[in-house]
Amino acid sequence: MASLVANGCLNAGLGLLFIALVANHAAAWSLGRLSTRLLSHPHRLRPASLATADTYDIRYFTQLVDHFAYHPHPSTFQQRYLISTEHCSEPNSPIFMYCGNEGKIEWFAQNTGFLWELASTFGALVLFPEHRYYGESMPFGSQEAAYKDADSLAYLTSEQALADFVSLLTDLKKNMSAEACPVVLFGGSYGGMLAAWMRLKYPHIAIGAIASSAPILQFEDLVPTDTFYRIVSEDFKGESSDCFDVIQQSWDVLDTVGQSEEGLQSLTNKFLLCSQLNNTSELENWMYAAYEYLAMVNYPYAANFTMPLPAFPVREVCNAINAGYNNTDILSRIFAGMSVYYNYTGSATCFDLGENIDGIDGWDWQACTEMVMPMSSNGSNSMFPPYTFDLQQYEAYCLEQYGVKPMPTWITQEFGGHSIKKVLENFGSNIVFSNGLLDPWSGGGVLQNISSTLVAVITEQGAHHLDLRSSTEDDPQWLIEQRQVEIAHIKSWLSQYQDQHHGYAASS
Ligand SMILES: *[C@@H]1O[C@H](CO)[C@@H](O)[C@H](O)[C@H]1NC(C)=O
Ligand SMILES: *[C@@H]1O[C@H](CO)[C@@H](O)[C@H](O)[C@H]1NC(C)=O
Ligand SMILES: *[C@@H]1O[C@H](CO)[C@@H](O)[C@H](O)[C@H]1NC(C)=O
Ligand SMILES: *[C@@H]1O[C@H](CO)[C@@H](O)[C@H](O)[C@H]1NC(C)=O
Ligand SMILES: *[C@@H]1O[C@H](CO)[C@@H](O)[C@H](O)[C@H]1NC(C)=O
Ligand SMILES: *[C@@H]1O[C@H](CO)[C@@H](O)[C@H](O)[C@H]1NC(C)=O
Ligand SMILES: *[C@@H]1O[C@H](CO)[C@@H](O)[C@H](O)[C@H]1NC(C)=O
């Protein structure tokens, strides 16, 4: 134990690189890509240009492609991870690990300022492992090989990803003689789901988890299927019921205009599209994506997560739509709203609906296997056209696309979800489920306290993992308080660990 002082969490043994983070991350973060709305509905984001820089080292770790079977000649791949020992100043430094989700890991490191700030307060080692099949962490040598077919994609599962995190942590601690250092997990969105699940599945590896905007209940019939689009719609209605009405009416208008060649031509012109429309489906997807992301990133200050946007962007979009109050042409008003989302900086010369920088559809595979999140749109509470969740259609898409049949009940078998309060209150502990109620994913989140150490921290005005972002001067009081509650829980996990493993640091 004494070796921790000299050789523990403090001593990573390698110099730090200064990395100016210029992420060209694109679409991946979209938790709901395939699973929202109809199947052939990929969402595309532009790369956000990112500003802050932090210091970390980039390393690679050899992982088994398959953790759960014993192959005579097991395949391995290089998992990328970011590590910072900058803030470790105590021998018993905790390790703060962000559970990488569906995208390049730098992008999450960049957008999780809260963890970096806490690392400085707690003197923690920071770890951001990349999720397999995203960013550079590709099995079979290349992205092309990894994404070749269902046989090569078969190892893209949440279970394998969690096993990667566990192997990495265990090996890293051994290398650093830091076996006794407590690990606290963080994650947002799918990463938040992974953080919560990892704490439940691997309590010997991590002492607690901050699971932000983690929709672990967005499966089967755990929440009504219309929840996601109901919340998106409520966000818009909450700003203005006229805005909601105009959007709700716009879909029929779009369909009608899109029936003829001339109509498609006029839409191409009206929406300043870069290329000629062949039908309205791509234009509709582009609009869907804008509304969904606007609801998710409806932050109380100007930010650049999916797009550079003003504070309360839903309000700004509705203002733009409502400014055309006397304009009887509904689609011109919609164009004004879209321009706030897609052209806030004024730099777009035309709109490219098919823009896709990343090109990785890993989430589509995950949604076609275990991540089946049923979605519908209910005419009575949604500004989107009504539709029901159709498992047959979903299956048909997945069979055609990948030749696999989704397993819609697997996640709840593997990780639970049914009667979550009853099940977890007796054996689970040390997870904070944080949610902002403006976030459409909050509907699938844990919104009730389960026990004194499995807690729901809710903000009425919060959006998608807002709490994980860096603090700013514009943070409202409720956000500051939300983070303070999270910090208090982390403190109590650490001191509980310290009490139980007293002397795990220098004293022995
Ligand atoms: C631990 O050290 C070994 C030997 O240097 C190295 O191969 C391995 O990648 C290290 N583990 C981690 C997690 O970096
Ligand atoms: C529409 O179809 C034509 C050929 O039929 C193609 O050249 C064009 O790129 C398509 N437009 C879009 C927006 O995909
Ligand atoms: C609509 O147009 C796009 C772009 O040309 C094409 O990829 C898609 O298949 C078309 N959809 C339908 C339903 O025709
Ligand atoms: C809308 O029209 C009304 C009456 O025609 C007029 O008083 C009002 O100023 C117009 N509003 C805008 C925003 O143009
Ligand atoms: C984007 O905004 C700028 C500035 O308002 C404008 O000149 C340009 O036409 C807009 N682009 C599109 C595609 O609407
Ligand atoms: C639609 O929403 C209403 C009111 O929230 C609810 O009573 C009804 O069951 C929902 N219908 C469907 C098909 O989900
Ligand atoms: C959970 O419990 C804490 C106090 O322990 C309380 O402050 C908080 O409001 C509760 N959360 C919910 C969603 O009821």
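Predicted, not measured: the structure shown is a model, and the values here were computed from it. In listed order, ligands and their atoms are each counted from 1.
- The proximity of Phe271 to ligand 5, defined as any non-hydrogen pair under 4.0 Å, does not occur for either the backbone or the side chain.
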(message) One pair to check against side chain to side chain contact (heavy atoms under 4.5 Å, CB included): Ser167 and Gln63. What are the steps and the verdict?
(response) CA-CA 8 Å; Ser167 304; Gln63 288 280 9; 3.6 Å; yes
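- Close approach of ligand 5 to Leu272 is summarised as follows: ligand atoms under 4.0 Å from at least one heavy atom of the residue are 12 (C), 13 (C), 14 (O).
- Remark: distances from the non-hydrogen atoms of Tyr342 to ligand 5 are all 4.0 Å or more.
- Those atoms of ligand 1 that come under 4.0 Å of a heavy atom in Asn175, given as number and element, are 1 (C), 2 (O), 3 (C), 8 (C), 10 (C), 11 (N), 12 (C).
- Atom OH of Tyr70 has 12 or fewer neighbouring heavy atoms from other residues, nucleotides or ligands inside a 6.0 Å radius.
- In this structure, His464 NE2 and Trp441 CH2 are separated by 7.5 Å, a value rounded to the nearest 0.5 Å.
- Those atoms of ligand 5 that come under 4.0 Å of a heavy atom in Asn343, given as number and element, are 1 (C), 2 (O), 3 (C), 8 (C), 10 (C), 11 (N), 12 (C), 14 (O).
- Classified by interplanar angle (parallel below 30°, tilted 30° to 60°, perpendicular above 60°), the ring pair Tyr342/Trp286 is parallel.
- Results of the ring pair (Phe, Tyr, Trp, His ring centres under 6.0 Å) test with Trp116 over Phe108, Phe128, Phe186 single out Phe128 as the only residue that passes.
- Side-chain contact between Asn378 and Thr388 is absent, with no heavy-atom pair separated by less than 4.5 Å.
- At least one N or O atom of Asp171, backbone or side chain, sits closer than 3.5 Å to an N or O atom of ligand 1.
- Close to ligand 5: Ala348, with a non-hydrogen atom less than 4.0 angstrom away.
- Judged purely by atom type and a 3.5 angstrom limit, Ser382 has no side-chain atom pairing as donor or acceptor with the backbone of Gly379.
- With ligand atoms numbered from 1 in the order given, ligand 5 contributes 14 (O) to contacts under 4.0 Å with heavy atoms of Phe335.
- Inter-residue side-chain proximity for Met97 and Val184 is flagged as unmet; no heavy-atom pair is nearer than 4.5 Å.
- The number of heavy atoms from other shown groups lying within 6.0 Å of CD (Gln265) is above 12.
- Which parts of ligand 1 touch Phe61 is read off a 4.0 Å heavy-atom cut-off, strictly below it: atoms 9 (O), 11 (N), 12 (C), 13 (C).
- Less than 4.0 angstrom separates some heavy atom of Phe351 from each of these atoms of ligand 5: 12 (C), 13 (C), 14 (O).
- Polar contact with ligand 1: absent for Arg59 (N/O pair, distance under 3.5 Å).
- A heavy-atom separation below 4.0 Å is found between Thr349 and ligand 5.
- For the atom pair OG (Ser93) and CG (Leu125), the distance works out to 7.0 Å, reported to the nearest 0.5 Å.
- Contacts between Ser339 and ligand 5, counted as non-hydrogen atom pairs separated by less than 4.0 Å, are absent for every part of the residue.
- The residues Asp329 and Lys270 are annotated as salt-bridged, a charged nitrogen and a carboxylate oxygen being separated by less than 4.0 angstrom.
- A salt bridge links Arg80 to Glu106: at least one charged side-chain nitrogen sits closer than 4.0 Å to a carboxylate oxygen.
- Each of the atoms 1 (C), 2 (O), 3 (C), 4 (C) of ligand 5 lies under 4.0 Å from some heavy atom of Gly346.
- Within 4.0 Å of ligand 6, contacts by protein heavy atoms are made from Asp226, Asn378, Ser380, Asn381.
- Heavy-atom contacts of Cys350 reach the following atoms of ligand 5: 13 (C) (cutoff under 4.0 Å).
- A salt bridge links Arg315 with Glu239: the distance from a Lys NZ or Arg NE/NH1/NH2 to an Asp or Glu carboxylate oxygen falls below 4.0 Å.
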